Amino acid sequence: VGESEYELAYMRAKGAEIAEYIRHTVDRLRGAPDHLWAVTHLALQQRLTYWLQHVAPDRTAAAAEAVDGALLAAAEACTQPGIFAREDGTPTAGIMLERLRLPARHHGAGLRSMAWLAPIAFCASVAEAAPAFFARGGHFSQLLPVYGVGAFDSGGHRLASWIAGPVGADGLHHPSH
């Protein structure tokens, strides 16, 4: 955690580093698309997730965009050029791209967008760490009104009321509990 400009610059560099690693892997495995797909799906798409979990989404946006582009190129290298483009040639929302992004349980390829995943990963990390905030003698008891009493107890609602709670005039979420 540092100054915002430092964090943005660091994450841009991290995204470029990971994207370059993905491009290098694609170059090495271009002749073996089955192997490239397995590596892309099982290993390459995970390379940024640590950072998405631990750095706020507004700081990881450039890195996520760079990695998304490299992952899309890797997936395309497993199939045929232009497969993820729309009829007008833009790769933003073609049906094949939508299927690529869908989880396997929904009959997709399971190659998630890092930009889409960033806020989810960050919130999940907060939810995972929050019980420790409250378990150590109440050092963060000032957060109880934000999350709701019992949110992280066994069987608690975790972030549900915080996410669903109304936003007050002060700009803060006000859970119903």
Side-chain angles (χ1 to χ4, degrees), residues 1-131 152 157-160 162-164 173:
V1 177
E3 297 290 324
S4 70
E5 288 304 316
Y6 171 79
E7 290 177 356
L8 288 167
Y10 184 86
M11 288 312 306
R12 272 192 300 272
K14 182 56 70 178
E17 173 190 321
I18 293 170
E20 180 57 33
Y21 182 86
I22 294 169
R23 284 189 288 275
H24 179 74
T25 303
V26 169
D27 288 342
R28 295 284 192 172
L29 295 175
R30 191 170 298 278
D34 293 340
H35 297 290
L36 177 57
W37 175 252
V39 169
T40 299
H41 186 262
L42 299 173
L44 296 178
Q45 80 169 328
Q46 274 60 265
R47 294 192 62 90
L48 187 65
T49 55
Y50 170 85
W51 298 102
L52 297 180
Q53 291 172 332
H54 296 93
V55 180
D58 63 326
R59 310 284 166 86
T60 60
E65 185 178 317
V67 171
D68 278 346
L71 287 171
L72 186 59
E76 191 170 279
C78 296
T79 58
Q80 62 187 18
I83 193 168
F84 301 115
R86 297 182 80 175
E87 292 72 27
D88 65 1
T90 60
T92 55
I95 187 132
M96 292 301 290
L97 181 59
E98 291 173 16
R99 291 299 293 262
L100 178 75
R101 301 281 189 225
L102 278 176
R105 70 181 177 273
H106 295 295
H107 308 288
L111 194 67
R112 307 313 296 234
S113 163
M114 298 297 110
W116 176 85
L117 187 61
I120 297 165
F122 189 71
C123 284
S125 183
V126 169
E128 191 67 29
F152 300 100
H157 57 79
R158 299 181 65 87
L159 293 178
W162 182 74
I163 292 169
H173 290 272

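Here, residue 1 is the first one in the sequence, and each next residue gets the next number. All figures in this text were calculated on a predicted structure; none of them were measured in a lab.
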Heavy atoms of Thr60 and Trp51 approach each other most closely as CG2-O, 3.9 Å
Of all residues at least two apart in sequence or in a different chain, which pass the ring-ring contact (aromatic ring centres under 6.0 Å, His included) check with Tyr50? His54
Give a yes or no on whether the backbone of Leu71 and the side-chain of Gln45 come within a donor-acceptor separation of less than 3.5 Å. no
Heavy atoms, side chains only, cut-off 4.5 Å: are Arg47 and Val67 in contact? no
Exercise: identify the closest heavy-atom pair between Asp58 and Leu8: O-CD2, 3.7 Å
Side-chain donor/acceptor of Arg23 to backbone N/O of Ala70, under 3.5 Å: no
Test your reading of the model: is there a side-chain donor-acceptor pair from His35 to the backbone of Leu29, 3.5 Å cut-off? no
How far does CD1 of Ile22 sit from OG1 of Thr40, to the nearest 0.5 angstrom? 7.5 Å
Where is the tightest heavy-atom contact between Leu36 and Ala74, given as atom of each residue plus distance? CD2-O, 3.8 Å
Is any side-chain heavy atom of Met11 closer than 4.5 Å to a side-chain heavy atom of Leu48? yes
Without swapping roles, check the side chain of Thr25 against the backbone of Tyr21 for a donor-acceptor pair under 3.5 Å. yes
Testing the basics here: between Ala66 and Ala19, what is the closest heavy-atom pair and its distance to 0.1 Å? O-CB, 3.7 Å
Any side-chain heavy-atom pair from Leu100 and Ile83 closer than 4.5 angstrom? no
Could you measure the distance from the CD atom of Gln53 to the SG atom of Cys123? Nearest 0.5 Å is fine. 12.0 Å
Salt bridge between Glu98 and Arg101, side-chain N to carboxylate O under 4.0 Å? no
How long is the straight-line distance from OH of Tyr10 back to CD of Glu17, given to the nearest 0.5 Å? 7.0 Å
Would you say the side-chain atoms of Asp68 pair up with the backbone N or O of Met114, donor to acceptor, closer than 3.5 Å? yes
Nearest heavy-atom approach of Pro57 to Pro119 is CG-CA, 3.6 Å
How about CD on Glu128, more than 12 heavy atoms from neighbouring residues, nucleotides or ligands closer than 6.0 Å, or not? no
Which atoms form the tightest heavy-atom contact between Ala109 and Trp37, and what is the distance? O-CZ2, 3.6 Å
